[in-house]
Amino acid sequence: MEEFPNAPSLPQILEARRILRRALLPTPLRTFPRLNRWIRGEIWLKLEAWQPTGSFKVRGALARVAHLTPAERARGVVTASAGNHGLAVAFVARMGGGIPTTVFVPETAAQNKIRALESLEVPLKRVGWSYEEAHAAALAFAASTGACYIHAYEDPWVVAGQGTIALEILEELPQADAVLVPVGGGGLISGIALVYQALAPQTRIIGVQTEASPALAASLRDGRLYADYPAGPTLADGLAGGVGALAYQLARQGAIHEVVVVREETVLRAIGLLAVEAHLIGEGSGAVGLAALLEDPERWVGKRVVLILSGGNLDGEILKRAVEVFLAEGSV
């Protein structure tokens, strides 16, 4: 496996899987005939929305917290998040014996995720209007208190934890034409891409972003890393902001084969389609892969495609609107 900054090795990803097996069951990989009818392909969904915190982020948090030293556990941990990563770190820290945890979120964080964080009774700091501002505040907090900062997508053990998704997919479905992966900071697609590069390089790894925050697509277009990105209003709040150096380098060197950008209105339709035709709740960040299929349906006819349904922490009003839009339009 080629060396990249902050990249875990394949042995680290395998070690992360051993750690996760002690605490989590593999998530289901399912195909839904009604979705296949709409897309005219063989569509498989990796149901990370069914994780105990409602997103894949618990994987990376478990792998990272398992490698805290006794001194780091005593000092506590801190992180910044749009919501799901913070939920995961807080949940895992509680599982780990009550490790002191502080979570920074931007003021724009989704209210349903704020409520979930509050239910875990961790100190919650609302700072700034973007992930990047919350991240800077969390780093300052770590420097002043000695707390261990757990990065959402630039920590090798976090990325290793996310990469275990690919190992599970390959065990059940070794032959796929493509895996479509939501991209925010890039930890999820980095872990998946590293595994496929090593074990199944014939499968295309395709990142998906929304037009409100296409940081990786823009980085590749312009030949420079957008670690900060001024995201517009988006249904995919978990993908808003800049992208990490690891995902950028993997994309530049071909482990991530392509990045597509989808419209916000298509993400809304995808949320509705998941709810009506598959009886699944997917937040905007998790539904972007299906949105990519909807925007270019002819490309996927007859293809075997895996979508990462990365999270299901969806606001009820957005779900209601998505179902109404989908039912009103009635066809792909």
Side-chain angles (χ1 to χ4, degrees), residues 23-24 48-49 51-69 71-155 157-159 161-162 184-188 227-228 231 234 236-242 244 283-286 310-315:
L24 298 174
E48 290 299 297
Q51 291 285 11
T53 62
S55 90
F56 74 95
K57 294 283 191 176
V58 70
R59 292 176 181 266
L62 267 168
R64 180 65 185 89
V65 168
H67 288 88
L68 292 174
T69 66
E72 287 172 333
R73 288 173 175 267
R75 293 196 301 269
V77 298
V78 59
T79 195
S81 171
N84 283 337
H85 175 67
L87 278 168
V89 171
F91 175 80
V92 171
R94 175 177 283 189
M95 285 177 58
I99 300 168
T101 305
T102 303
V103 178
F104 284 75
V105 297
E107 294 284 356
T108 51
Q111 287 304 304
N112 61 310
K113 295 176 183 177
I114 293 294
R115 290 192 294 272
L117 279 163
E118 290 172 342
S119 73
L120 290 173
E121 299 180 342
V122 297
L124 185 62
K125 311 288 187 182
R126 302 178 71 167
V127 176
W129 297 96
S130 67
Y131 166 79
E132 286 80 12
E133 289 177 282
H135 167 63
L139 285 176
F141 179 90
S144 65
T145 64
C148 177
Y149 184 71
I150 298 181
H151 201 293
Y153 51 84
E154 294 279 39
D155 182 288
W157 280 112
V158 170
V159 175
Q162 322 308 22
L188 174 60
D228 296 339
T234 179
D237 58 284
L239 308 183
E283 62 186 272
S285 302
S310 56
N313 292 319
L314 180 65
D315 179 80

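This structure is a prediction, so every number in the text was calculated from the model and none was measured.
- Smallest separation of non-hydrogen atoms from Gly238 and Ser285: N-OG, 3.1 Å.
- To the nearest 0.5 Å, atom NZ of residue Lys57 and atom CG of residue Leu188 are 7.5 Å apart.
- Between the side chains of Glu283 and Asn112, no donor N or O sits under 3.5 Å from an acceptor N or O.
- Shortest non-hydrogen contact noted between Tyr149 and Ala138 is CE1-CB, 3.5 Å.
- A ring-centre distance under 6.0 Å is not found for His151 and His85.
- Inter-residue side-chain proximity for Arg94 and Val122 is flagged as unmet; no heavy-atom pair is nearer than 4.5 Å.
- A heavy-atom distance below 4.5 Å is found between the side chains of Val65 and Ile99.
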Would you sort out whether Val92 and Val58 count as a side chain to side chain contact (heavy atoms under 4.5 Å, CB included), showing the intermediate values? CA-CA 7 Å; Val92 171; Val58 70; 3.9 Å; yes
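- The nearest pair of heavy atoms linking Val127 to Ala137 is CG1-CB, 3.7 Å.
- Residues Ile150 and Asp155 fail the side-chain proximity criterion, which asks for heavy atoms closer than 4.5 Å.
- Here the CG atom belonging to Leu62 is positioned 7.5 Å from the CZ atom belonging to Phe91, to the nearest 0.5 angstrom.
- Annotation: side chain of Ser55 is not in contact with side chain of Leu87 (no heavy-atom distance under 4.5 Å).
- Between Gly311 and Ala49, the shortest heavy-atom distance links the atoms C-CB, 3.6 Å.
- Looking at Glu132, its side chain never comes within 3.5 Å of a backbone N or O of Gly241 through a donor-acceptor pair.
- Taking all atoms of both residues into account, the shortest heavy-atom contact from Tyr131 to Ala80 is CE1-O, 3.5 Å.
- You'll find the side chain of Leu24 reaches within 4.5 Å of the side chain of Pro52, heavy atoms only.
- We find the NZ-CG distance between Lys113 and Leu314 to be 9.0 Å, quoted to the nearest 0.5 Å.
- Of the possible polar contacts, none joining the Gln51 side chain to the Phe56 backbone as a donor-acceptor pair under 3.5 Å is found.
- How far OG of Ser310 is from CD of Gln162: 10.5 Å, rounded to the nearest 0.5 Å.
- Between Thr102 and Lys125 the shortest side-chain heavy-atom distance falls below 4.5 Å.
- Residues satisfying the side chain to side chain contact (heavy atoms under 4.5 Å, CB included) criterion with Ile114, sequence neighbours excluded, are Val105, Ala109, Gln111, Glu118, Leu124, Arg126.
- Judged by distance alone, the side chain of Glu133 and the main-chain N or O of Ser130 form a donor-acceptor pair under 3.5 Å.
- Between Gly244 and Glu154 the shortest heavy-atom distance is CA-OE2, 3.3 Å.
- Contact of the Val89 side chain with the Thr101 side chain is registered, since non-hydrogen atoms from C-beta on lie closer than 4.5 Å.
- Taking 4.5 Å as the limit, every side-chain heavy atom of Glu72 sits out of range of all side-chain heavy atoms of Val77.
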